[in-house]
J.: 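For reference, the structure I am asking about is given below.
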Amino acid sequence: MDKNAKIYVAGHRGLVGSAILKGLKEKGYDNIVLRTHKELDLTDPAKVTAFFEEEKPAYVFLAAAKVGGIVANNTYRADFIYQNLMIQNNVIHQSYRSGVQKLLFLGSTCIYPKNAPQPLKEKYLLTDTLEYTNEPYAIAKIAGIKMCESYNIQYGTNFMSVMPTNLYGPNDNFDLEKSHVLPALIRKMTLAKALENNDWELIRKDLDKLPIGKISGSNSEAEILNILKSFGISKTNTKVQVEVWGTGKPRREFLWSEDMADACIFIMERLNFDDVKPSSTEIRNTHINIGTGKDITIQELAMLIKNIVGFQGEIYFDRSKPDGTMRKLVDVTKLTSLGWQAQVALEEGIRKIYSWYLGH
Ligand SMILES: NC(=O)C1=CN([C@@H]2O[C@H](COP(=O)(O)OP(=O)(O)OC[C@H]3O[C@@H](n4cnc5c(N)ncnc54)[C@H](OP(=O)(O)O)[C@@H]3O)[C@@H](O)[C@H]2O)C=CC1
Ligand SMILES: C[C@H]1O[C@H](OP(=O)(O)OP(=O)(O)OC[C@H]2O[C@@H](n3cnc4c(=O)[nH]c(N)nc43)[C@H](O)[C@@H]2O)[C@@H](O)[C@@H](O)C1=O
């Protein structure tokens, strides 16, 4: 990418978009065009058309999407399929129409079949049925991969697709109902530790960030305890307990968001669709996995976060909540063979995000 070329980062205030923006600035890219969700609703075809006609970016990082954890995906199924299809259809199609030189579409490893062999190779796409809790989101993401691939084949565009594993880092979503597991457990353990220490000031400050109406400065301690209980943080006479969803047995792989951003920029700077296009007519692997190549169980993750936060109480598993896919470790050979590797180990990343969370 030319350092002066106009680059559009869609979703620049989110977890990944903010890390991509930071990474681009650090590398000296200074012609970056941005729009908040409020300024440009990417589900609106007319507004997206007008934006591309006006700005004509040369490069596009498509990091805007409807995103959430397992329960959000399972609950807001219509929103996840509709909004994601609309956002990506609009951005990819208008990128083609306005002559964008290269686009990076962000998918997710949930595109792979629920029971696919491990580690997940790119070619396992579309070989079996998906995990049901996130099927609408996964189908939208598969449509995005196939849209990039089809435009490349028919129109000669250069649209790349990447499939990141579970991500975490600054500007993540810490909503206790809609977020992913890692930010949710950071927040739950932080609140639980504050409850152990009777640190009501910290608890009030934290809960103040909840949707309006749940808490105000005048909530009594009993009312706050009820709110915490509704999020799975409870106190008996002797101990504080934190609820962890599911059985704790599923395995997940976690990548620091700034490593993810680094991989995205690496791919945009060095790779083209022709480099990843297989010669076979049965194309199933034109996308690229991004991950660390290491996974842990949710129980191990919960214990790691508990220790780093310094929460002394107990954790227990709520088996009424879904486990989702039991394992989705990605095969990162395609990317690492090109010279890219993740830098931030999980324990270091958890320390960093815990410190970021306390500061925010
Ligand atoms: N987080 C993860 O663990 C993973 C994420 N991914 C993928 O990475 C990408 C980025 O995800 P992540 O950064 O976590 O998501 P975030 O929710 O943190 O950020 C998404 C961004 O998209 C914006 N956005 C959402 N809807 C619209 C819209 N209609 N118009 C304009 N902007 C919109 C949001 O703005 P606002 O907040 O104002 O709505 C936000 O800035 C997504 O494609 C996601 O599917 C893939 C695998 C794992
Ligand atoms: C990135 C990926 O994210 C989603 O998939 P997921 O990996 O299943 O997402 P998750 O982070 O929400 O959960 C991981 C595991 O952790 C368990 N778990 C324990 N306790 C909490 C908890 O407190 N919150 C959450 N959210 N999960 C918890 C939870 O039960 C599950 O077993 C996809 O829908 C899709 O969007 C996608 O692509």
Side-chain angles (χ1 to χ4, degrees), residues 9-21 34-44 47-48 51 61-74 79-80 82-84 86-88 90-91 104-112 131 133-138 140-141 144 162-173 175-189 231-233 242-255 257 260-261 264 290-291 297-299 301-302 305 315 317-328 330:
V9 181
H12 70 283
R13 295 210 290 200
L15 169 69
V16 181
S18 62
I20 290 175
L21 181 60
L34 305 167
R35 293 288 187 282
T36 62
H37 188 165
K38 214 172 158 192
E39 288 162 349
L40 174 62
D41 181 353
L42 294 169
T43 63
D44 184 327
K47 288 186 179 145
V48 179
F51 167 77
F61 288 83
L62 178 42
K66 174 80 179 164
V67 182
I70 190 165
V71 167
N73 267 267
N74 202 19
D79 298 346
F80 273 79
Y82 173 75
Q83 291 181 31
N84 284 313
M86 290 301 283
I87 292 171
Q88 65 204 41
N90 289 333
V91 174
L104 190 75
F105 169 69
L106 273 69
S108 161
T109 53
C110 66
I111 57 148
Y112 292 112
E131 154 63 27
T133 52
N134 57 33
E135 194 184 60
Y137 171 81
K141 293 294 187 187
V162 290
M163 299 306 120
T165 185
N166 292 43
L167 307 167
Y168 68 106
N171 303 312
D172 207 343
N173 173 7
D175 181 300
L176 290 173
E177 288 158 340
K178 297 180 188 153
S179 67
H180 291 103
V181 60
L182 201 150
L185 292 185
I186 293 275
R187 188 173 188 183
K188 283 188 198 175
M189 304 275 184
F231 292 122
I233 304 153
V242 166
E243 172 191 288
V244 177
W245 296 354
T247 59
K249 294 193 169 67
R251 301 184 73 86
R252 291 291 183 272
E253 176 183 357
F254 297 95
L255 178 70
S257 61
M260 167 65 188
C264 291
I290 306 183
T297 67
I298 296 300
Q299 180 168 19
L301 175 76
I305 295 177
I315 57 172
F317 294 94
D318 175 1
R319 287 160 193 266
S320 72
K321 294 283 196 315
D323 270 341
T325 307
M326 289 312 286
R327 197 172 187 200
K328 44 180 177 176
V330 288

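Read the numbers this way: they start at 1 and go in the same order the structure lists the ligands and their atoms.
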J.: Donor-acceptor check, side chain of N166 to backbone of F254, threshold 3.5 angstrom: yes or no?
T.: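 Not at all, since once roles are kept as given, no pair shorter than 3.5 Å links the two residues.
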J.: Classify the side-chain pair E131/T133 by whether it contains a donor and acceptor separated by less than 3.5 Å.
T.: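 E131 vs T133: donor-acceptor pair found between side chains.
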J.: Compare E177, K188, M163 and give the one whose heavy atom is closest to atom 23 (O) of ligand 2.
T.: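 Shortest heavy-atom distance from atom 23 (O) of ligand 2: K188.
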J.: Starting from atom 12 (O) of ligand 2, find the nearest protein heavy-atom neighbour and note its residue, name and distance.
T.: I70 N, 2.8 Å
J.: Keeping N134 on the side-chain end and N73 on the backbone end, is there a donor-acceptor pair under 3.5 Å?
T.: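 Side chain of N134 to backbone of N73, a donor-acceptor pair under 3.5 Å: no, none is there.
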J.: What protein heavy atom sits nearest atom 15 (C) of ligand 2, and how far away is it?
T.: I298 CD1, 3.6 Å
J.: Do N84 side-chain atoms and Y137 backbone N/O form a donor-acceptor pair below 3.5 Å?
T.: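 No: the side chain of N84 does not pair with the backbone of Y137.
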J.: Can you pull out the closest protein heavy atom to atom 5 (O) of ligand 2? Residue, atom name and distance to 0.1 Å, please.
T.: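 The closest heavy atom on the protein side is K328 NZ, 3.5 Å.
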J.: Ligand 2 versus R252, non-hydrogen atoms closer than 4.0 Å: side chain, backbone, both, neither?
T.: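 Contact part for R252 vs ligand 2: side chain (C-beta onward).
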J.: By number and element, which atoms of ligand 2 are closer than 4.0 Å to a non-hydrogen atom of Y137?
T.: 35 (C), 36 (O), 37 (C), 38 (O)
J.: Between E243 and ligand 2, is there a nitrogen or oxygen pair with a distance under 3.5 Å?
T.: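 E243 vs ligand 2: no N/O contact under 3.5 Å.
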J.: Within the structure, does G324 bring an N/O atom to less than 3.5 angstrom of an N/O atom in ligand 2?
T.: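 Between G324 and ligand 2 (N or O atoms, distance only) the closest approach is not under 3.5 Å.
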J.: Would you say the side chain of M189 lies within less than 4.5 Å of the side chain of I315, judging by non-hydrogen atoms?
T.: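 Side chain of I315 against side chain of M189, heavy atoms only: contact under 4.5 Å found.
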J.: What is the nearest protein non-hydrogen atom to atom 18 (N) of ligand 2, stated with its residue, atom name and distance?
T.: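 Going atom by atom, the protein heavy atom closest to atom 18 (N) of ligand 2 ends up being V181 CG2, 3.5 Å.
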J.: Starting from atom 30 (O) of ligand 2, find the nearest protein heavy-atom neighbour and note its residue, name and distance.
T.: P322 O, 2.7 Å
J.: Could you list the atoms of ligand 2 found under 4.0 angstrom from a heavy atom of A184?
T.: 22 (C), 23 (O), 24 (N)
J.: For ligand 1, what is the set of protein residues having any non-hydrogen atom at a distance below 4.0 Å?
T.: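 Residues within 4.0 Å of ligand 1: G11, R13, G14, L15, V16, H37, L40, D41, L42, T43, A63, A64, A65, V67, I87, L106, G107, S108, Y137, K141, P164, T165, N166, L167, H180.
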J.: Looking at S108, which atoms of ligand 2 are within less than 4.0 Å of one of its heavy atoms?
T.: 37 (C), 38 (O)
J.: Under 3.5 Å, side chain of T109 to main-chain N/O of K328, donor-acceptor pair present?
T.: no
J.: Within the 4.0 Å heavy-atom shell around D323, which atoms of ligand 2 are there?
T.: 31 (C), 32 (O)
J.: Return yes if some donor-acceptor pair links the side-chain N/O of D172 with the main-chain N/O of L15 below 3.5 Å, else return no.
T.: no
J.: Looking only at protein heavy atoms, identify the closest one to atom 34 (O) of ligand 2 and say how far it is in Å.
T.: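 The answer is N73 ND2, 2.9 Å.
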J.: Among all protein heavy atoms in this structure, tell me which lies nearest to atom 1 (C) of ligand 2, with the distance rounded to 0.1 Å.
T.: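 Here the nearest protein heavy atom works out to H180 NE2, 3.5 Å.
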J.: Counting both backbone and side chain atoms, is some N or O of G68 under 3.5 Å from an N or O of ligand 2?
T.: yes
J.: Looking only at heavy atoms of V244, does any of them come nearer than 4.0 Å to an atom of ligand 2?
T.: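 Heavy atoms of V244 do come under 4.0 Å of ligand 2.
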J.: Going by the atom numbers of ligand 2, which of them fall below 4.0 Å from some non-hydrogen atom of N166?
T.: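 With N166 as reference, the close atoms of ligand 2 come out as 1 (C), 7 (O), 11 (O).
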J.: Below 4.5 Å, heavy atoms only, C-beta onward: do N173 and K178 meet side chain to side chain?
T.: yes
J.: My understanding is that we take every heavy atom of each candidate and find the minimum distance to atom 26 (N) of ligand 2. Doing that for A138, P250, S179, G69, which one comes out nearest?
T.: S179
J.: Could you list which atoms of ligand 2 come closer than 4.0 Å to a heavy atom of C110?
T.: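 Numbered from 1, ligand 2 contributes 38 (O).
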J.: Nearest to atom 17 (C) of ligand 2, what protein heavy atom do you find, and at what distance?
T.: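 The closest one turns out to be W245 O, 3.9 Å.
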